[in-house]
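So the structure is just underneath, and the comments pick up after that.
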Amino acid sequence: MTKLTFTADQLVSSTTASKKFGELRKKAKDRPQFITENGVVDTVMVGYPYFEQMFARLAQLEEQEEERILNERIDRLTQDPASMLIWTDIRKEPHEGAIGYSF
């Protein structure tokens, strides 16, 4: 995984962030702001348009991953139809901890 990089001017302590929230919001519209707690990044503040872009990209990647998994399963079943399992054949009685389980 690629390590996130940022500059020192993007780091702000939580104490400073609470005192200069308006200023921090303005900065976050241009570049993410990393709020620290005891010297460790705890929170990231970004402008809403950037958040929307991240959210849309995440949704796109999740959809692509679901499609990849489904295609992989279809390919596996196409290559070996005998490996298909029927739900009613593998269904079991409820186990302890399952919803609706009673002693």
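These numbers come from the heavy atoms of this one structure, side chains and all, not from hydrogens, waters or symmetry mates. Numbers here simply count residues along the sequence, with the first being 1.
- Among Arg25, Lys29, Lys27, the single residue meeting the side chain to side chain contact (heavy atoms under 4.5 Å, CB included) criterion with Met45 is Arg25.
- The distance from atom OG of Ser13 to atom NZ of Lys19, rounded to the nearest 0.5 Å, is 8.0 Å.
- Cluster note: Met84 groups with Leu77 through ILVMFWY side-chain heavy atoms spaced under 4.5 Å, whether in direct contact or through intervening members.
- Note that the CZ atom of Phe55 and the OH atom of Tyr48 stand 8.5 Å from one another [nearest 0.5 Å].
- Distance CG/Leu70 to CG/Asp75: 11.0 Å, rounded to 0.5 Å.
- Arg68 has a carboxylate O that lies under 4.0 Å from a charged side-chain N of Glu65, or vice versa, which qualifies the two as a salt bridge.
- Listed by chain and number, the residues in a side-chain hydrogen bond (donor to acceptor under 3.5 Å, both in side chains) with Asp9 are Thr7, Arg31 (sequence neighbours excluded).
- Applying the ring pair (Phe, Tyr, Trp, His ring centres under 6.0 Å) test to residues at least two apart or on different chains, the pairs with a partner in residues 4-36 are Phe6-Phe34.
- The shortest non-hydrogen separation linking Gln10 to Pro32 is NE2-O, 2.8 Å.
- In this structure, Ile74 stands alone, with no Ile, Leu, Val, Met, Phe, Trp or Tyr side-chain heavy atom under 4.5 Å from its own, directly or through other members.
- Counting only residues at least two apart or in different chains, ring pair (Phe, Tyr, Trp, His ring centres under 6.0 Å) contacts with residues 61-83 are absent.
- Between Gln64 and Leu61, the closest side-chain pair of non-hydrogen atoms falls below 4.5 Å.
- You'll find the side chain of Leu58 stays beyond 4.5 Å of the side chain of Met54, heavy atoms only.
- Taking the side chain as every heavy atom from C-beta outward, Ile35 and Leu24 approach each other to under 4.5 Å.
- Annotation: ring-ring contact (aromatic ring centres under 6.0 Å, His included) contacts of Phe51 (sequence neighbours excluded): none.
- Open room surrounds CD on Glu63; 12 or fewer heavy atoms of other groups in view lie less than 6.0 Å from it.
- Other residues, nucleotides and ligands place no more than 12 heavy atoms under 6.0 Å from the CD atom of Glu67.
- Between Val12 and Thr36 the shortest side-chain heavy-atom distance does not fall below 4.5 Å.
- No side-chain donor-acceptor contact under 3.5 Å links Gln33 to the backbone of Val46.
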